Amino acid sequence: MLHSPVTIQEPLVDTTLPNGVRVLVEPMPWLPTLSLTLQLPVGSVNDPEGGVGSAALLTEWLQRGAGDLDARAYASVLDDLGVRRGGGVGRETMSLSAAFLERDAADVFGYLADQVRRPRLGDEEFAGVRQLALHDLAAIDDSPPQRLGEALVDAYFASAHARSAYGERADLERATPEGVRAELARRVGPEGAVLVVAGGGDAARTLELAEASFGAWRGGTATTPPPEVRPPHRRHVHAEGAQVQIGLCDGAVGPTDHGWYEQQIAMGVLDGNMGARLFTEVREKRGLAYSVGASTRLVRGHAYTVVRAGTTPERAGETLDVLIEQMRHLGAGVTLEEHARAVRQLRSNMVMQNEASGARAGRLAADVLHVGRPRPLAEIMDALEGVGLDRVNEWLAARPEPHPTVVTLGPRELVASDRAA
Amino acid sequence: MSGLRFDEGVLPNGLRVVGEYNPRAASVAMAYLVETGGRDERDDEQGVSHFLEHLCFKGTARRGSLEVSRDFDALGARYNAFTSDELTAYYGAVLPEAAPELLELLTDMMRPSLRDDDVDVERNVVLEEIAMDADRPASVAFDRARERFFAGHPIRRALLGTTASIGALGADRVRAFHERRYRSGGMLVVLAGAYDWDATLRQLEEETLGWPEGDPGRDHPDVVWSAGRFEERAANVTRAHVALLAPGVGRRDERRHAAALLARAIGASDNSRLFWSLIEPGLADEASLWHDDADGFGSFGGYLSTDDASVERVLDVARDVFEGVQREGLERAEWARAQRTLATGLTLRGETPMGRLVTVGSAYLDRGRHESVASVVDELLSTPLEAGLALLAERPFDRACTYVVRPARTA
């Protein structure tokens, strides 16, 4: 009675329009919904000097009206169609997204394309957009984990990748409508844009809609500088609070490098889930923290590992010791059981993450950015299956010893006496 | 979504089992919903439901303290648990071939060993969770607002407990609470996705044999809403965070859809009265309103975030928004937009078995029936504006409780 989950993968349409827009259409014909993501290579990394935060301003401003419609009228036509829309900006990319009923696709595509093809960028909206950006930036101060995340990236990168996606206060304060419009003309355009549509309906018709809506789009081209990292070091950021946030950052291999899947499995052993090493050693055995985790992060051309925990000051020294020890201890290899658990989890997660249209669209867009092409699910599944225990352990043994950059944020700096286990 | 089927059964020991079978799903999700939460705790038990949720991961008669999580991982499961005022849920999703093992594991977890050593280690973890929450001003604001708004009702207490209440909770008291509340008549097993119904029932009957029976039930003391405006200044805060609570309607109340639509029209994050009054002009970075329907009563919840200097103005504008809708109502077009966007959201969440799980189970617990995505969408779309206007006519926001957490004054 139970069918094979492999049916989840349908043939994918992958094409590039003459103007440069890469279009991916992933059919999920059993769904009544479509999820669409337009990803642009525009973020704080290619904001101009003195204008850091212009990508953030642009992302919000682009969503406030389009074509002939002002902000309210635009929001209303999309709401009338029941569209759930979103927009976000990161260090390297800006994305505009929408999810809607497949039967409304013809209308929705047109309205969404207007955001970039016929942006409104009305003067009447600018002051509010800038004020909101300043609020969003300031709000980081009241979220210690987010603040640590920003401080960690700032400590790790030497290049413009160190910038916050939220921008810089002084730059946001002096931003002008003309300046931000100029950034649209300079950086936002079809070159490097990726349009991913996943969900129900006929793929050929979806592709036609994509061509009709985005095919005649013209605009600027964004370039991203190569990432550069700083040598490992320690940094403390003072913050009042009940907990100390600890973050470690170290280089890693990327998805097009040799060892990517070995690393994925090793990271699964370190922090795949609650049965993995970090959770077991930090939380289950020692009760040092509630929140602890590790992940591999990607920017174009560089991958890095982030390990984090939040704990009260009395436990912070021991927690940091355990985190570093666990990063290093991976070099001694993983066991057969750990390997099997990690592989099964990664494969199973891959299938489950691809059940929802929005998550699937997001994964495919990220693939284009970091791998250069959308990887079929079967390719990832097979690759994971093909990396045996020996290959993982050989790779781990040959891997350089971790020397992470360490950032702490809290009421006081960790001193030597805290480090006595 | 075609081929959906609803399954429903009760085991001889009183354990209820329901499922929403979806032949197109690539996974199976399942959960134990235990009808126990913060409101079922006695005064000297604050935080015990959530503490017990943690401890169910710390071993059983068959599994040592590290083996529960390890076994979940070995199944390739996505899994977690949560505790609310009235429900403790343990859930997971796997590929269909691992479903019987996942069911066995979740079932085993419902009879935790609650060993003294594990309780002691896990107490630290919960204390860390409480410390983490103390650094989240929005959580602090809501905890304080609840203490006041629900004064006199057990739901006023913070779910995590306090440093003192968790510090004082010994293993014996946790065991007694488990004994009292985790009974087959007070639990529901929910499945969603590509499961095998007959095999599930057979397996459950065998594995829950000998469980303590009966329904622990629940007290329903009257809720007396306490309105007011309160604030505190805190050293670890740099901005103003406002929690707002106002009377709403309960889960079995037919006005619950109207309340949800009302909340969306007033306070959705992208196109609503609060958005255009506070977010669009850049007065606040958060301004949202939602409706929580609980067992026997409900409440509107709202959150505002801004800089300290702007907080009075933001509160004035929010008050004007509430007064405006209470006095003049909503436009038909606003109502229709709330209906359509809520319907799309529901449809999107329904794309995965995991997204259906708690919704299907809660509907069954609350209203004793299966509610498919399509049927709830129909109900939402046919809820008339007049139902929303009738709720507004009761002027719920006049009885709001507002709690502001803001920065300490500098010398």
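The shown structure was predicted, so the numbers you read here are calculated from the model rather than taken from an experiment. Reminder, nothing fancy here: chain letters follow the sequence lines and each chain counts from 1. Just so you know, these numbers use all the heavy atoms, side chains as well, and skip hydrogens, waters and symmetry mates.
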Flag the one option from [options] with the top tally of heavy-atom pairs under 4.5 Å to chain B.
| options | value |
| --- | --- |
| A:E240, A:K285, A:E284, A:Q243 | A:Q243 |
| A:A289, A:G268, A:G310, A:G272 | A:A289 |
| A:S143, A:S357, A:A340, A:G86 | A:S357 |

- Item | Check against side-chain contact (heavy atoms from CB on, under 4.5 Å), B:F72 and B:F57 | CA-CA 10 Å; B:F72 271 119; B:F57 285 86; 3.8 Å; yes

- Query: Got A:H135 and B:E286 here, is their nearest side-chain heavy-atom distance under 4.5 Å?
  - Reply: no

- Query: Is the shortest heavy-atom distance from the side chain of A:I265 to the side chain of A:V343 under 4.5 Å?
  - Reply: yes

Given that the side chain runs from C-beta out, which part of [X] has a heavy atom under 4.5 Å from chain B: side chain, backbone, both or neither?
| X | value |
| --- | --- |
| A:L346 | neither |
| A:Q146 | neither |
| A:A133 | neither |

Proximity breakdown for [X] and chain A, heavy-atom pairs closer than 4.5 Å:
| X | value |
| --- | --- |
| B:A99 | neither |
| B:L283 | backbone |
| B:A93 | both |
| B:T238 | both |
| B:D120 | neither |
| B:A98 | both |
| B:S269 | neither |
| B:V94 | backbone |

Can [X] and [Y] be counted as an ion pair, charged N to O under 4.0 angstrom?
| X | Y | result |
| --- | --- | --- |
| A:E281 | A:R277 | no |
| A:E60 | A:R64 | yes |
| B:D270 | A:R84 | no |
| B:E122 | A:R283 | yes |
| A:D70 | A:R120 | no |
| B:D308 | B:R406 | yes |
| A:D141 | A:R147 | yes |

- Message: Determine whether B:V311 and B:V242 satisfy the following criterion, side-chain contact (heavy atoms from CB on, under 4.5 Å), listing intermediate values before the conclusion.
- Response: CA-CA 9 Å; B:V311 67; B:V242 182; 4.1 Å; yes

- Derivation of the side-chain contact (heavy atoms from CB on, under 4.5 Å) call for B:R123 and B:F51: CA-CA 8 Å; B:R123 185 179 295 111; B:F51 194 9; 3.8 Å; yes

- Task: Under 4.5 Å, heavy atom to heavy atom: which of residues 332-341 of chain B reach chain A? Give them by number, or say none.
- Result: B:R337, B:R340, B:T341

